[in-house]
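Heads up, the thing below is written out as structure tokens.
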Amino acid sequence: MKILYAIQGTGNGHISRAREIVPLLQQYGDVDLLISGTQADVKLTQEVKYQLHGFSFIFGKKGGVNHYETWKEMNLPRFVKDMRRIPLKNYNLILNDFEPVTAWACKSQRIESVGLSHQASFQSKKFLNLKVLIGHNW
């Protein structure tokens, strides 16, 4: 099986999780890694096949996202070019850990992917039912 594991490279959490998940995935097939983002201190020990600019939140010196610097770093033409050059059809399984380029590429090409990030849980019907049950209006 050919597996593409796409990882958000902003911050260290997604990459730290990937360091643990990649060896498990390698038991089931050939794994290619894709990372997009520009602000991570943690590195993968495995070879990264695709390193993309993607979208990254730029964090300010006082904590929180620096919206101006984040906007300044965005490069929409490059994002679209990267979306088009990922050979998604070469893979039997695409796993996405909050990585935007692959997510949008899959959506535009109508190719299914599996989201691993906790953000994906907000799409679950179980979460939506819980939200109604506890009366939150988010």
Side-chain angles (χ1 to χ4, degrees):
M1 180 184 309
K2 289 284 293 172
I3 302 168
L4 177 63
Y5 185 15
I7 307 154
Q8 172 58 265
T10 298
N12 299 317
H14 303 282
I15 294 175
S16 294
R17 177 175 32 228
R19 290 174 77 167
E20 301 297 322
I21 291 175
V22 170
L24 300 172
L25 292 174
Q26 289 173 328
Q27 296 175 23
Y28 296 95
D30 296 324
V31 180
D32 288 341
L33 301 177
L34 178 150
I35 295 180
S36 75
T38 57
Q39 283 198 329
D41 297 321
V42 175
K43 304 294 181 207
L44 285 171
T45 56
Q46 300 87 355
E47 177 186 347
V48 175
K49 184 163 187 170
Y50 307 99
Q51 179 73 54
L52 308 177
H53 181 74
F55 283 151
S56 291
F57 292 119
I58 307 300
F59 298 102
K61 294 179 182 178
K62 297 179 182 177
V65 174
N66 182 323
H67 297 283
Y68 176 72
E69 290 297 323
T70 298
W71 176 80
K72 205 166 79 170
E73 283 293 317
M74 285 184 187
N75 185 335
L76 286 175
R78 183 174 181 178
F79 186 91
V80 172
K81 181 180 175 184
D82 286 345
M83 274 178 46
R84 292 181 177 151
R85 74 181 183 118
I86 303 169
L88 298 175
K89 294 186 179 181
N90 293 351
Y91 296 96
N92 305 103
L93 175 63
I94 300 169
L95 299 173
N96 189 298
D97 191 347
F98 202 60
E99 192 285 310
V101 180
T102 305
W104 280 103
C106 286
K107 183 174 178 71
S108 71
Q109 295 178 40
R110 294 191 172 114
I111 294 175
E112 290 188 12
S113 65
V114 177
L116 295 179
S117 66
H118 68 277
Q119 292 87 350
S121 67
F122 292 108
Q123 298 299 314
S124 166
K125 290 185 189 319
K126 292 178 182 178
F127 174 77
L128 297 175
N129 290 338
L130 175 66
K131 197 169 91 170
V132 170
L133 181 67
I134 60 177
H136 279 282
N137 188 14
W138 298 327

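Checked against salt bridge (Lys or Arg N to Asp or Glu O under 4.0 Å), Lys72 has the following partners two or more places apart in sequence or in another chain: Glu69. Judged as a salt bridge (Lys or Arg N to Asp or Glu O under 4.0 Å), and not counting sequence neighbours, the contacts of Arg85 are Asp82.
Residues Pro87 and Tyr50 approach most closely at CG-OH, 3.3 Å, considering heavy atoms.
Among residue pairs with one or both ends in residues 56-67, none qualify as salt bridge (Lys or Arg N to Asp or Glu O under 4.0 Å); sequence neighbours excluded.
Between atom CE of residue Met83 and atom OG of residue Ser36 there is a gap of 12.0 Å, rounded to the nearest 0.5 Å. Between the OG1 atom in Thr102 and the CD1 atom in Ile86 there is a gap of 4.0 Å [rounded to 0.5 Å]. Distance CG/Leu116 to CD/Gln8: 13.5 Å, rounded to 0.5 Å. Here the OH atom belonging to Tyr68 is positioned 10.5 Å from the CD atom belonging to Glu73, to the nearest 0.5 angstrom. One distance of note links CD1 of Ile3 with CD1 of Ile94; it measures 11.0 Å at 0.5 Å rounding. For the atom pair CZ of Phe55 and CG of Asn75, the computed distance is 8.5 Å after rounding to the nearest 0.5 Å.
A continuous path of ILVMFWY side-chain contacts below 4.5 Å connects Leu52 to Leu76, so both sit in one hydrophobic cluster. Leu24 is not connected to Leu95 by any chain of hydrophobic side-chain contacts under 4.5 Å among Ile, Leu, Val, Met, Phe, Trp and Tyr, and they are in different clusters.
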For residues 26-35, which side-chain donor-acceptor pairs fall under 3.5 Å, sequence neighbours excluded?
{"residue": "Asp32", "atom": "OD2", "partner": "Lys2", "partner atom": "NZ", "Å": "3.2"}
{"residue": "Asp32", "atom": "OD2", "partner": "Tyr91", "partner atom": "OH", "Å": "2.5"}

For residues 105-115, which side-chain donor-acceptor pairs fall under 3.5 Å, sequence neighbours excluded?
{"residue": "Ser108", "atom": "OG", "partner": "Trp104", "partner atom": "O", "Å": "3.3"}
{"residue": "Ser108", "atom": "OG", "partner": "Ala105", "partner atom": "O", "Å": "3.0"}

